[in-house]
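Okay, so here's the structure we're looking at.
Remember, it's 1-based here, ligands and their atoms both numbered in the order they're listed.
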Amino acid sequence: MEQKKKEKGVIVLDYGSQYTLLIVRRLREIGIYAEIADGRVSEPPSTFQIKGIILSGGPDSVGEEGARSLPIWVLKKAEENVPILGICYGMQLLVEAFKGKVRSAACREYGHAEMIIKDCIDTIAAKKLFFFQISKTSNRQVVWMSHGDDIVTLPSSFEEIGRTKEGVIASIAHRTLPIIALQFHPEVHHTDCGKEILKGFVTELCGLELTWTAGSMMERIGFEVKEVVGAGTVLVAVSGGVDSTITASLLVKILGPHRVTSVIIDHGLMRKNEVAWVAENLKRIGLDDLHVINAEDRFLTALAGISDPEQKRKIIGRAFIEEFETFAKSIGCKRGFTHLAQGTLYPDVIESAGHGVGAKVIKSHHNVGGLPEKMGLKLVEPFRFLFKDEVRKLGEELGLPLELIYRHPFPGPGLGVRILGDITKEKLDLLREADDIFIRALRREHLYDSIWQAFAVLLPVKSVGVMGDNRTYQWTIALRAVVATDGMTASVGALPMDFLTRTAGEIVRNVNGINRVVYDITSKPPATIEWE
Ligand code: XMP
């Protein structure tokens, strides 16, 4: 624990903004360790040394019944010289705390705005910080707003730093304490100087050095794993996906091969030939003690007749645990497992509302939620605080083959969340064939690496077609290809039209049971990457 406590970083207090995770992403990109906590926590989190506090935006209006409020410890920290950056709702919370006034704007401001920074700034924090540097390039900055409330009376302890052309106060600074607040969002790309502002905050005000690198991640994880596992033995659930593969490989490096057993649960929801390919590659990278469990019948029986996405995810999650339990019991006495490791990522934890009381469940990721006590194994999740691109950097640091590190992500519930409606073996086989044709075509035409994730989805829609002289009435495949950096947001992959039409033709000609192919062109948000 000692090492972790020594780590310095920024806590991002979440007030329900859709961008909270993005703030953490930006800070990590800059090279700073950051974590999210619920904006109402009554005590500062103690997992690392808090050198700065960021208050996120949020949908509430200060003063309204039920609106999230600022915990007392935050202002105490500012008095102890820990800098605070309030963003949007975070700014309004600060204004309220210092007896200023916020009002509901006549209409919600959403989109680009121009902030004009004052020529002469008195406040030391603001001067020392970013505006001094930013306004050296220009005192007019394009910023991105999304707010329904704004400041009507600035507390006397604050100085106005900039406002928009329309007269909205866009940034303020406390005259004596290290507190800066912005009405706009520096974490979104549309704010031109956003990254400089965040970088200025963490370096100039918080005094942090940019030390969050693959090497420091590795060091931190090594320390934590040793501390959590002690002299124990770990069972790792591997799927062949990027996260679990790198988890297993890292554990072998940290604990040695004799203390790590890997198991692939073949739930029958894997892609074509995937289990054999994965097993071969995992052996190749040094996972010597690897077991493959064929659990297809058990999973498909448990899923029979289930169409609801959340129910499917929960059934799959439960079935995974049961399989581990059985496996751990069957060879556990010989190996004496104490821990089960998973490649859970930070966005999985956040999206499953694992970090606090205020977040909404979007999808229950199958690998979040802990283990039943009766299993008697403790969880090790070395990547619980990492984003996918950070995990990939670790993979490179470990010297793993790029083919494994840069595989497209594949969800734990596998094709189970890519068959809409009920799941049957016949539908799985159709989907496997169509998906294989799509992915092989992407590789053949050197498009695979330009896409973050691509796959086929089987829709519960039959339509009429004509093959030769015959009428067909068959299922529909949707192809999905997205570009993203971490899967939290994504946009459609611009695959050439002729590639798509050729692939559609190949699928319909070769997969008997599919007579129509569509291409999903929706971004995330508002859609998600997977269809379920
Ligand atoms: P969504 O569909 O939420 O997906 O936009 C974001 C990324 O997460 C993957 N995903 C999962 N990964 N267990 C996982 O390990 C899951 O339950 C799960 N659900 C979605 C998805 O493939 C995409 O890369």
Q: Apply the test salt bridge (Lys or Arg N to Asp or Glu O under 4.0 Å) to residues D389 and K393: give CA-CA distance (whole Å), side-chain angles for both, the deciding distance (0.1 Å), then the verdict.
A: CA-CA 6 Å; D389 53 328; K393 276 191 208 145; 5.1 Å; no

Q: Indicate yes or no: at least one non-hydrogen side-chain atom of C88 is less than 4.5 angstrom from one of H185.
A: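 Result yes, sub-4.5 Å side-chain heavy-atom pair found.
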
Q: Just jot down the ligand 1 atoms closer than 4.0 angstrom to any heavy atom of W452, in number order.
A: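 The atoms of ligand 1 under 4.0 Å from a heavy atom of W452 are 24 (O).
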
Q) Going by the atom numbers of ligand 1, which of them fall below 4.0 Å from some non-hydrogen atom of T528? A)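 Heavy-atom distances to T528 below 4.0 Å select 1 (P), 2 (O), 5 (O).
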
Q) Under 3.5 Å between some N or O of ligand 1 and some N or O of R418? A)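 Checking ligand 1 against R418, no N or O pair falls under 3.5 Å apart.
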
Q. Hey, does K524 come in under 3.5 Å of ligand 1, counting only N/O atoms on both sides?
A.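 It does: an N or O of K524 is found under 3.5 Å from an N or O of ligand 1.
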
(Q) Taking a cutoff of less than 4.0 Å between a non-hydrogen atom of the residue and any ligand atom, is R313 in contact with ligand 1? (A)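 Heavy atoms of R313 do come under 4.0 Å of ligand 1.
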
Q: Could you check which of G343, P411, G241, A527 puts a non-hydrogen atom nearest to atom 12 (N) of ligand 1?
A: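 It is P411 that holds the nearest heavy atom.
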
Q. To which of S244, P413, G412 does the heavy atom nearest atom 15 (O) of ligand 1 belong?
A.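 Residue with the shortest heavy-atom distance to the ligand atom: G412.
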
Q) Which pairs pass ring pair (Phe, Tyr, Trp, His ring centres under 6.0 Å) with one or both residues in residues 252-293, sequence neighbours excluded? A)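 For residues 252-293, and leaving out neighbouring residues, the ring pair (Phe, Tyr, Trp, His ring centres under 6.0 Å) pairs sorted by first residue read H267-F299, H267-F320, H291-F327.
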
Q: Not counting sequence neighbours, list each pair that qualifies as a ring pair (Phe, Tyr, Trp, His ring centres under 6.0 Å) and has a residue in residues 402-421.
A: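 Those involving residues 402-421 are H408-Y448.
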
Q) Taking the six-membered ring where the residue is Trp, are the ring centres of F383 and Y346 under 6.0 Å apart? A)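 Judged by ring-centre distance (under 6.0 Å), F383 and Y346 do not meet the cut-off.
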
Q. Picking from D289, L290, V236, D288, what satisfies side chain to side chain contact (heavy atoms under 4.5 Å, CB included) with V260?
A.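 Running side chain to side chain contact (heavy atoms under 4.5 Å, CB included) over D289, L290, V236, D288 with V260 returns exactly one hit, V236.
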
